[in-house]
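These values consider heavy atoms only, across backbone and side chains, with no hydrogens, waters or symmetry-generated copies.
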Amino acid sequence: MAEIMSGGCQCGRIRYTVTIRDDDAYLCHCRMCQRATGGVSIAFKNVARHDVAWDRRPDLYASSPIAKRGFCRDCGTPISFEFPDGDNIDLTIGSFDEPARFRPHHHFGVESWHPQWLDTRGLPEYRADEHGPTVERWKNALGSS
């Protein structure tokens, strides 16, 4: 069943709505995605280009001779990946307002993956809203106690 979902960048300058037809997503581990995001991989949802409606289109960077990446020039949020001649576009899972909807269904660019980062379930877990120094910084920045 199709569902309309929304998303955008951290500062709110770039916003979109998109028709989502399933929860299939994927992780890309290629070196270009690693360099573009500064991470070990990036999570994408592949959608039909005609299913995306932009309130404001992202800025584009030609990351290679065959692809472009959408981002917000103000806050730096990675938004999309596309082949200009393709019918589809990849939207970053993290840019969706409700990213928990999606599930990874495959890996791409596995020649560059870092397997030690794939299953981290055994590591200690910490909540940001319980981390004293972070909470204090927010209180000081917002002027509340």
Side-chain angles (χ1 to χ4, degrees), residues 1-121 123-131 133-135 137-142 144:
M1 185 163 136
E3 176 183 353
I4 302 295
M5 293 186 69
S6 59
C9 66
Q10 185 174 11
C11 73
R13 183 176 159 266
I14 308 296
R15 295 291 302 161
Y16 63 82
T17 56
V18 58
T19 302
I20 300 297
R21 302 180 194 292
D22 58 44
D23 67 353
D24 294 358
Y26 75 98
L27 290 165
C28 185
H29 305 271
C30 79
R31 285 300 290 145
M32 292 190 71
C33 281
Q34 289 172 356
R35 290 188 185 275
T37 65
V40 295
S41 66
I42 188 167
F44 282 124
K45 173 63 182 157
N46 186 264
V47 298
R49 188 184 300 273
H50 63 79
D51 282 343
V52 182
W54 300 98
D55 291 351
R56 174 179 280 161
R57 291 189 175 277
D59 303 285
L60 293 175
Y61 169 69
S63 59
S64 75
I66 63 169
K68 294 183 180 182
R69 294 174 185 272
F71 70 99
C72 175
R73 70 168 184 245
D74 289 354
C75 67
T77 301
I79 301 288
S80 63
F81 172 87
E82 63 185 273
F83 297 112
D85 62 344
D87 293 331
N88 287 7
I89 184 172
D90 289 330
L91 297 173
T92 57
I93 297 298
S95 71
F96 279 90
D97 294 336
E98 297 180 27
R101 159 85 158 66
F102 304 104
R103 299 285 179 264
H105 284 262
H106 71 273
H107 294 275
F108 187 81
V110 298
E111 68 279 2
S112 303
W113 73 358
H114 302 282
Q116 67 273 24
W117 288 95
L118 295 179
D119 184 356
T120 61
R121 287 178 289 189
L123 296 178
E125 300 173 357
Y126 306 98
R127 291 180 56 98
D129 60 356
E130 294 175 354
H131 183 253
T134 302
V135 171
R137 283 182 175 95
W138 276 111
K139 287 179 181 178
N140 291 337
L142 299 175
S144 60

Around Q10, counting heavy atoms of other residues, nucleotides and ligands shown, do more than 12 lie under 6.0 Å from its CD? no
Test log, rule side chain to side chain contact (heavy atoms under 4.5 Å, CB included), inputs C28 and F81: CA-CA 11 Å; C28 185; F81 172 87; over 6 Å; no
Which value, rounded to the nearest 0.5 Å, describes the distance between T17 atom OG1 and I4 atom CD1? 6.0 Å
Could you give the distance from CG (D90) to OG1 (T92), rounded to the nearest 0.5 Å? 9.5 Å
When rounded to the nearest 0.5 angstrom, what distance separates NE2 in H107 from SG in C30? 14.0 Å
Looking only at heavy atoms, which two atoms of S112 and Q34 are closest? And how far apart? O-NE2, 2.9 Å
Test of understanding: with ring-ring contact (aromatic ring centres under 6.0 Å, His included), list the residues that count as partners of H50, not counting sequence neighbours. none
Considering residues, nucleotides and ligands other than R57, do more than 12 of their heavy atoms fall under 6.0 Å from its CZ? no
Do F96 and M5 have side-chain heavy atoms sitting under 4.5 Å apart? yes
Greater than 12 external heavy atoms within 6.0 Å of E98's CD: no
Go through the structure and list residues passing side chain to side chain donor-acceptor pair (under 3.5 Å) with R49, not counting sequence neighbours. E82
Just wondering, more than 12 heavy atoms not from D129 lying within 6.0 Å of its CG? yes
So which heavy atom on A128 is nearest to which on V135, and how close? O-CG2, 4.0 Å
Please list all pairs passing the salt bridge (Lys or Arg N to Asp or Glu O under 4.0 Å) test where one or both residues lie in residues 66-78, with sequence neighbours left out. R13-D74, D59-R73
Do Y16 and S80 get their side chains close enough for a donor-acceptor pair, meaning under 3.5 Å? no
Counting C-beta onward and ignoring hydrogens, is there a side-chain heavy-atom pair between F71 and I14 closer than 4.5 Å? no
Sub-4.5 Å side-chain heavy-atom contact between V47 and I20: yes
Working to the nearest 0.5 angstrom, can you tell me the gap between S64 OG and F83 CZ? 7.5 Å
Minimum heavy-atom distance between A67 and P84, given as atom pair plus value: CA-CD, 4.1 Å
Nearest heavy-atom pair of E125 and R121: which atoms, and what distance? OE2-O, 4.4 Å
Are there over 12 heavy-atom neighbours, none belonging to R35, within less than 6.0 Å of that residue's CZ? no
Gap separating the CD1 atom of I89 from the CG atom of D87, nearest 0.5 angstrom: 12.0 Å
With heavy-atom distances below 4.5 Å as the criterion, would you say the side chains of L91 and F102 are in contact? no
How far apart are the closest heavy atoms of H131 and T134, and which atoms are they? ND1-OG1, 2.8 Å
Between the CD1 atom in I93 and the OH atom in Y26, the distance rounded to the nearest 0.5 Å is 9.5 Å
Heavy-atom distance under 4.5 Å between the side chains of R15 and D97, does that happen here? yes
For T120 and Q116, the nearest pair of non-hydrogen atoms, with its separation, is CG2-O, 4.2 Å
Sole candidate of D51, D23, D22 that passes salt bridge (charged side-chain N to carboxylate O under 4.0 Å, His left out) when paired with K45: D22
